[in-house]
Amino acid sequence: MTTTHAHAAAPAAKQTSYKTKYTVLALFPFVLTALMVGIFTSAMHRPTPNNLPVAVVGSSAQQAQGMARSLEKSAGDALDVRVVDTLAEARRLLLDQEIAGAYVMPSAQNQDAALYVAGAQGTSLEQVVTKTFTAVAEQQHVDMRTTDVVPLPTRDSMGTTSLYVTIGWAMAGFVFVVIMSVAAPELLKVRRLVPVLMGWSALMALSVWLVVGPVVGALHGHAAHILGLGWLMVFSTGLVTAVFARFAGPLAAVPAVTLFMFLGVPSSGGALTPYVESGFFQFLHGVLPTPAAVESVRSILYFGGDGVGGHVVTLLVWAAVGLVLNIVAQLLTHRARRGRAGTQQKDVSEPLSTNDGAMVDAAVTGA
């Protein structure tokens, strides 16, 4: 009867295994597709200025302040307006990437308004600022000339090189670890993971630089800075993905892709400026590694490295958190295994003790 039950249970277990396999097979692409479409669409389907930082320069402080109040009243939360005293100060703020544009009001010496932008901050940002102040100039019935103080080079006329480079780094980090969790899970041990990732990060940083720079020609100069930044981005994304892989195996691709791509790319400012997205994506812009890498590359290439320090700190924090979580997860796993081993040893020893006692009783009785 026991044999019959065993034979009956085998097909049922096999059928359950098939159901699980096919369910996962269907859910994996479904979840990834739903997340990508949902997040990208919610972030980019209706670009509207949101706390766009701009400056106003007037011939007098009173004139500029009056203009700033008028803009804040009409635009509400769309604009974050500040008043600066001189055009030189406004240009400095643009070079420091603290503002997206500076509007210089007409004066007795110049009847036209002027708009100063930094195109290297991104074409989408430049377009939003230009559109906003073109409407302002029309309301004032004045002409407006636009000056780009940091124009993009022809080799990167859309300003997207920083985004593509960062995507390459991110994929190099998380794809490698996901495949490693299946093909060589023993490498997830921290003492092996760290040196392997260090070497892989160096290789992929060099590979991406060679493709984008010497081969394609979209990136010139700053090799040491770009290589160092690429190493840190690949290393940090790899460490974080390794944490997911310890608990989810190859399914770690879902949280990794969601974090670094589906949330990271829309909030990065590489394709669409976060100043036309919701506050949620503006928050992500300041904390995720993908935006940090995009802004770092942009700053290195076009702004003399200004502001890179803060973005590098963001990447270092992610790397440190990833390393600590891997160590903690590994310690907890070892502790759980020792606990299970101790329980099994106890379960085995107890029956042996009982049998030994029975044998003694039998021997005494026989005697």
Side-chain angles (χ1 to χ4, degrees), residues 92 94-98 118-123 125 149-177 193-242 260-261 264-265 267-271 285-323:
R92 181 187 62 78
L94 278 170
L95 294 175
D96 291 343
Q97 303 180 74
E98 293 187 26
Q121 289 192 73
T123 54
L125 182 60
V149 299
V150 190
L152 286 165
T154 55
R155 65 177 179 272
D156 185 23
S157 58
M158 296 299 293
T160 53
T161 295
S162 57
L163 174 62
Y164 299 141
V165 168
T166 298
I167 289 175
W169 291 337
M171 290 184 64
F174 72 75
V175 172
F176 175 70
V177 173
L193 175 66
V194 172
V196 167
L197 267 183
M198 291 176 68
W200 174 256
S201 300
L203 173 63
M204 293 312 298
L206 178 61
S207 300
V208 171
W209 176 80
L210 286 173
V211 171
V212 179
V215 176
V216 177
L219 190 155
H220 287 184
H222 310 284
H225 298 90
I226 297 299
L227 289 172
L229 182 65
W231 181 90
L232 181 57
M233 178 63 179
V234 177
F235 186 66
S236 61
T237 54
L239 282 176
V240 173
T241 305
F260 302 125
M261 302 294 287
V265 171
S267 64
S268 69
H285 182 79
V287 298
L288 290 183
T290 306
V294 169
E295 293 292 357
S296 295
V297 174
R298 179 181 291 156
S299 296
I300 290 170
L301 294 180
Y302 306 127
F303 294 93
D306 183 74
V308 169
H311 301 307
V312 170
V313 168
T314 299
L315 293 174
L316 287 172
V317 168
W318 278 92
V321 170
L323 179 60

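Just so you know, these numbers use all the heavy atoms, side chains as well, and skip hydrogens, waters and symmetry mates.
- Counting all heavy atoms, side chain and backbone alike, E295 lies closest to S268 at OE2-O, 3.8 Å.
- Listed by first and then second residue, the ring-ring contact (aromatic ring centres under 6.0 Å, His included) pairs involving residues 195-227 are F176-W200 (not counting sequence neighbours).
- The closest donor-acceptor contact from the side chain of R298 to the backbone of G269 lies under 3.5 Å.
- Between the S236 side chain and the A319 main chain, no donor and acceptor come within less than 3.5 Å of each other.
- V212 is not listed as a side-chain neighbour of Y164, based on a closest heavy-atom distance of 4.5 Å or more.
- The CG atom of L219 sits 5.0 Å away from atom CG of L301, with the distance rounded to the nearest 0.5 Å.
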* To do: Step by step, work out the side chain to side chain contact (heavy atoms under 4.5 Å, CB included) result for T237 and M171.
  => CA-CA 8 Å; T237 54; M171 290 184 64; over 6 Å; no
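- Note on ring orientation: taking the six-membered ring where Trp is involved, the planes of F174 and F260 are parallel (angle under 30°, cut-offs 30° and 60°).
- Listed for the D156 side chain is a donor-acceptor partner under 3.5 Å among the backbone atoms of T161.
- Across every non-hydrogen atom of V234 and S201, the tightest pair is CG1-OG, 3.4 Å.
- Summarising the geometry, atom CZ belonging to F235 is positioned 6.0 Å from atom CE belonging to M198; distances are rounded to the nearest 0.5 Å.
- Interatomic distance, T290 OG1 to L163 CG, rounded to the nearest 0.5 Å: 9.0 Å.
- Looking at H311, its side chain never comes within 3.5 Å of a backbone N or O of S296 through a donor-acceptor pair.
- Here the closest non-hydrogen pair linking I167 and M261 is CG2-CE, 3.6 Å.
- Taken from OG in S207 to CG in L227, the straight-line distance is 10.0 Å, to the nearest 0.5 Å.
- M204 is not listed as a side-chain neighbour of W169, based on a closest heavy-atom distance of 4.5 Å or more.
- Across S299 and V308, no two heavy atoms sit closer than the pair CB-CG2, 3.6 Å.
- Nearest heavy atoms, V150 versus Y302: CG1-O, 3.5 Å.
- Of all heavy-atom pairs between G159 and S162, the closest is O-OG, 3.9 Å.
- Atom CG of residue L323 and atom CG of residue L239 lie 6.0 Å apart, to the nearest 0.5 angstrom.
- Using a 4.5 Å heavy-atom threshold, the side chains of V177 and L197 count as touching.
- In this structure the side chain of T154 never reaches within 4.5 angstrom of the side chain of S157, judged on heavy atoms.
- The backbone N or O of G310 lies less than 3.5 Å from a partner atom in the side chain of T314, making a donor-acceptor pair.
- Taken from CD1 in I300 to CD1 in I226, the straight-line distance is 4.5 Å, to the nearest 0.5 Å.
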